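Take a look at the structure below.
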Amino acid sequence: MGKSINTMDTKILLAADKLEKYGDIVGHLGKNGFSCIITAADGNEVLKHLDGCMPDFAILDANLPVLDGFQLCKLMKSAEFKRCENIPVVLLSETFRTSMASELAKSVGAYGILHAPFAVDDLLFLIYNKLYPERIPVNKAGSLKYKAKVMIADDDADIVRALKDYVSAEGYEVSVAQDGQESIHMLGVEKPQILFLNCDIPKLSGRDILKWIKETIPEIVVIVMIAHGSEFMAVELLKAGASDYIIKPFDSKVVSEICEDALRRYNINLINKREGDVELKLLSMVDGMVDGVILLDTKGRPTLVNKAGKETLKCLDIKKAEDDSIISINNITTKEIYDEIFIKKQRYISFEINTKGDSEKYFVIIASAVTGFAGENIGVVIVLRDVTREYQLQYQVIKSEKLYAVSNLIAGAAHELNNPLAGIQLCTDLVVNEPSISEKAKKYLGRIQKETEQIQGVIKSLLTFTGNYTLSKEHVDINEIIEDILRQKSNQFDHSDIRVVKLIDEKLPAVFVDKHQIKRVFLNIIENASSSMEGLQSDKSLTVKTEGNKELVKITISDTGPGIPKEHLAKIFEPFFTAREYKKSKGVALGLSVAYSIVHQHNGRVYAKSESGSGATFVIELPLR
């Protein structure tokens with residue numbers, strides 16, 4: 001459109017779903033004399049304007065709804081819209097940033113394409129260049145062409161001139177560097193898509209330039225320029241990172257073909273680089289996850305395992321086939337997982353598993369299908385989530401609720417028992433002091449008093465367990481308590497054929513404790529040890545050892561019974577829990593719970609060490625103060 005038109009009368013069609021997405025284009029054009037701006041929000045509105053009010057220039061958003069900018073431009077240049085074929089079209093894009101977009105724009109007949117963010121002045125210059133070429137600066141016109149940038153690195157003026165003419169004629173923007181250092185600088189600033197390189201360029205060798213490009217901007221396509229008979233040198237340069245070579249002197253047709261091929265290579269390189277960047281980010285993200293991630297192919301072979309997954313697999317029982325495919329994870333087979341996902345079409349499947357051993361862990365396994373671009377099944381992704389902490393918190397909540405319920409029960413029962421016991425004790429005291437009572441009756445009454453006191457002692461221990469009892473502390477010799485208990489139970493040991501071994505530290509320091517409550521602790525543990533050895537035919541031995549230092553006294557009580565399974569060790573101090581599954585339990589299984597509570601109230605520690613079949617050892621540690 002070369003006719004003279006006043007800018008006030010120039011009709012410009014601006015189509016974008018949101019006018020502000022590319023800045024204040026309408027305002028900027030208005031300030032420069034273009035007051036007749038027609039706006040459209042989608043492809044339908046553009047078609048209506050083209051049918052009714054023919055614009056002189058069209059600016060179309062490449063991502064326009066209904067019909068995008070590329071589609072509209074192609075329609076405008078078609079025979080169906082013959083009236084519009086001479087309307088210059090500039091496409092605006094905020095997503096298509098590669099030179100492929102420029103090629104696509106050219107193929108549909110667009111005059112140019114601008115990638116956001118861009119200066120609105122560039123758009124103004126494009127309008128000037130097409131409608132008012134006399135208004136645009138000469139040095140600006142060249143930069144508005146949308147073909148790729150080409151850089152020539154050579155110090156031979158004749159070679160540069162010839163090549164520049166050929167490349168410019170093909171519509172490329174050309175820059176020139178005359179030595180290696182200038183080449184590196186301009187490559188960083190200009191960022192061309194194609195580089196024609198003379199490897200004998202001064203100041204920096206061609207190999208060094210190739211190495212820098214490979215490390216810094218590997219998507220650039222490098223064409224090395226060589227003389228006839230230097231093909232062997234070309235091979236070495238191709239190995240060093242060049243993409244292609246061209247033989248001097250140049251032929252315009254060869255230059256054209258090489259430039260087109262180089263531009264295609266650049267687009268492929270750019271796509272590969274972006275895919276590589278995305279893949280690297282995804283791999284980094286997956287590897288940084290706290291959950292274990294395992295990607296299996298359709299045969300069950302691991303193709304990716306992140307860092308957390310490798311650590312998790314060490315804790316689990318993994319069975320593999322000869323081809324390294326996973327057969328099962330603990331008791332869950334991969335066949336079971338694949339059947340649920342691929343045959344029963346479950347979106348995902350989850351299991352709960354736990355590890356055995358010294359440190360028990362709990363995991364949730366979540367498996368789901370992995371599909372390819374065409375929707376085909378290409379494998380399964382398994383997420384291993386460590387929920388040990390959640391299980392522990394849940395366990396603590398349940399344990400607290402259980403302890404609260406037991407505490408209320410015991411406190412109520414103790415109150416109900418103490419009242420009649422007090423009455424029994426009072427009546428016994430009154431009767432035993434009567435002069436007329438026979439010696440035989442006094443003996444029975446004394447037995448009643450002793451048993452009543454023992455029951456009251458048990459009630460006090462239970463109240464200690466609930467926290468409703470105040471300790472009466474005094475300095476106590478632990479050895480004396482141990483000796484007293486062993487004498488008291490000597491008949492039981494003889495009857496059960498239990499051999500008692502005492503390893504007593506005669507220099508054991510005194511501890512500040514409630515004597516009766518600590519005695520209850522030792523008695524409960526010793527009774528448990530004796531009960532565990534009942535019915536055994538092999539050697540039955542009970543070992544009690546005391547030792548101390550400047551900070552605490554340590555009491556160790558060991559038996560040769562059947563031991564406690566490892567999975568029970570963390571639970572044996574819970575109320576109502578009994579590990580004596582090999583015999584009928586006596587009582588309500590509160591002995592160890594009471595012992596634990598008493599020791600805890602003395603700021604001490606009690607724990608058990610055992611393995612199934614190897615006896616059990618209980619350790620009580622009491623601070624001196």
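These numbers come from a predicted model, not from an experiment.
Ser328 places no side-chain N or O within donor-acceptor distance of the main-chain N or O of Asn331, the cut-off being under 3.5 Å. Lys191 places a side-chain N or O within 3.5 Å of a backbone atom of Gly188 that can act as its donor or acceptor partner. Between the Asp559 side chain and the Ala616 main chain, a donor and an acceptor come within less than 3.5 Å of each other. Not a single donor-acceptor pair under 3.5 Å links the side chain of Asp324 to the backbone N or O of Arg301. Using a distance-only test at 3.5 Å, with no hydrogens or angles considered, a donor-acceptor pair links the side chain of Lys540 to the main chain of Ser496. Looking only at distances, no side-chain donor or acceptor of Thr371 sits under 3.5 Å from a matching main-chain atom of Asn377. In this structure, the side chain of Ser532 engages the main chain of Ala529 through a donor-acceptor pair within 3.5 Å.
Between Gln346 atom CD and Ile337 atom CD1 the span is 13.0 Å, to the nearest 0.5 Å. Taking CD1 of Ile555 as the reference point, atom CD1 of Ile504 lies at 9.5 Å (rounded to 0.5 Å). Annotation: the span from Ile526 atom CD1 to Gln488 atom CD amounts to 9.5 Å, rounded to 0.5 Å. Distance CD1/Ile366 to CG/Leu384: 9.5 Å, rounded to 0.5 Å. Rounded to the nearest 0.5 angstrom, Ile481 CD1 and Ile485 CD1 are separated by 7.0 Å. With rounding to the nearest 0.5 Å, the separation of CD in Glu534 from CD1 in Ile498 is 7.0 Å.
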**OP:** Assess whether side chain to side chain contact (heavy atoms under 4.5 Å, CB included) is satisfied between Met533 and Leu542, documenting all intermediate values.
**Re:** CA-CA 9 Å; Met533 292 185 283; Leu542 176 71; 4.3 Å; yes

**OP:** Give the intermediate values and the outcome of side chain to side chain contact (heavy atoms under 4.5 Å, CB included) for residues Thr543 and Ile557.
**Re:** CA-CA 6 Å; Thr543 303; Ile557 301 171; over 6 Å; no

**OP:** Could you please spell out the steps behind the salt bridge (charged side-chain N to carboxylate O under 4.0 Å, His left out) verdict for Lys443 and Glu439?
**Re:** CA-CA 6 Å; Lys443 180 181 177 182; Glu439 290 299 321; over 6 Å; no

**OP:** Kindly determine whether Ile353 and Ile332 satisfy side chain to side chain contact (heavy atoms under 4.5 Å, CB included), including the steps that lead there.
**Re:** CA-CA 9 Å; Ile353 59 175; Ile332 302 166; 3.4 Å; yes

Original post:
Given the rule in the side chain to side chain contact (heavy atoms under 4.5 Å, CB included) test, do Ile620 and Lys554 qualify, once you have shown the distances and angles that lead to the verdict?
Top reply: CA-CA 6 Å; Ile620 304 100; Lys554 182 176 178 181; over 6 Å; no

**OP:** Take Lys502 and Glu483 through the test salt bridge (charged side-chain N to carboxylate O under 4.0 Å, His left out) and record every step on the way to the result.
**Re:** CA-CA 9 Å; Lys502 295 186 291 183; Glu483 293 284 4; 3.1 Å; yes

**OP:** Dump the intermediate steps for salt bridge (charged side-chain N to carboxylate O under 4.0 Å, His left out) on Lys299 and Asp323, then the final yes or no.
**Re:** CA-CA 9 Å; Lys299 302 294 184 182; Asp323 63 350; over 6 Å; no

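Here the side chains of Leu296 and Ile326 are in contact, with some heavy-atom distance below 4.5 Å. Two residues are said to be in side-chain contact when any heavy atoms from C-beta on lie closer than 4.5 Å; Val381 and Ile294 fail this criterion. For the pair Glu434 and Leu430, the minimum side-chain heavy-atom distance is 4.5 Å or more. Taking the side chain as every heavy atom from C-beta outward, Ile343 and Lys345 never approach each other to under 4.5 Å. Side-chain contact between Ile478 and Leu622: present, with at least one pair of heavy atoms (C-beta onward) separated by less than 4.5 Å.
By the 30° and 60° cut-offs, the orientation of the rings of Tyr338 relative to Phe342 is perpendicular. Ring-plane geometry between Phe573 and Phe618 is classed as perpendicular, the angle between the planes exceeding 60 degrees on a 0 to 90 degree scale with a lower cut at 30.
Closest approach of Asp287 and Asn306 over heavy atoms only: OD1-CA, 3.4 Å. Closest of all the heavy-atom pairs between Ala369 and Ile341 is CB-CG2, 3.5 Å. In terms of heavy-atom proximity, Leu536 sits nearest to Pro562 at CD1-CD, 4.3 Å. Taking each heavy atom of Thr556 and Ser558 in turn, the nearest pair found is CG2-OG, 3.9 Å. Between Gln449 and Thr428, the shortest heavy-atom contact is CG-CG2, 3.2 Å. Annotation for Ile448 and Ile424: closest pair CG2-CG2, 4.1 Å, computed over non-hydrogen atoms.
One finds a salt bridge joining Arg385 and Asp291 here, because a Lys/Arg side-chain nitrogen approaches an Asp/Glu carboxylate oxygen to under 4.0 Å. Using a 4.0 Å cut-off between charged side-chain N and carboxylate O, Glu451 and Arg447 make a salt bridge. In summary, Asp386 and Lys361 engage in a salt bridge, as defined by a charged side-chain N under 4.0 Å from a carboxylate O. Ion pairing between Lys507 and Glu547 fails under the 4.0 Å rule for side-chain N and carboxylate O.
In the displayed structure, Lys489 atom NZ is contacted under 6.0 Å by more than 12 heavy atoms of other residues, nucleotides or ligands. Heavy-atom neighbours of Lys473 NZ from other residues, nucleotides or ligands within 6.0 Å: above the threshold of 12. Atom OH of Tyr348 sits in a sparse spot, with 12 or fewer heavy atoms from other residues, nucleotides or ligands closer than 6.0 Å. Counting heavy atoms of neighbouring residues, nucleotides and ligands inside a 6.0 Å radius, atom CD of Glu551 does not exceed 12 of them.
Under 3.5 Å, the side chains of Asp514 and Gln601 contain no donor-acceptor pair of N or O atoms. A donor atom on one side chain and an acceptor atom on the other are not found under 3.5 Å apart for Asp505 and Thr546. A donor and an acceptor atom, one from each side chain of Asp539 and Ser541, are nowhere located under 3.5 Å apart.
Not counting sequence neighbours, the partners of Asp339 by the salt bridge (Lys or Arg N to Asp or Glu O under 4.0 Å) test are Lys335.
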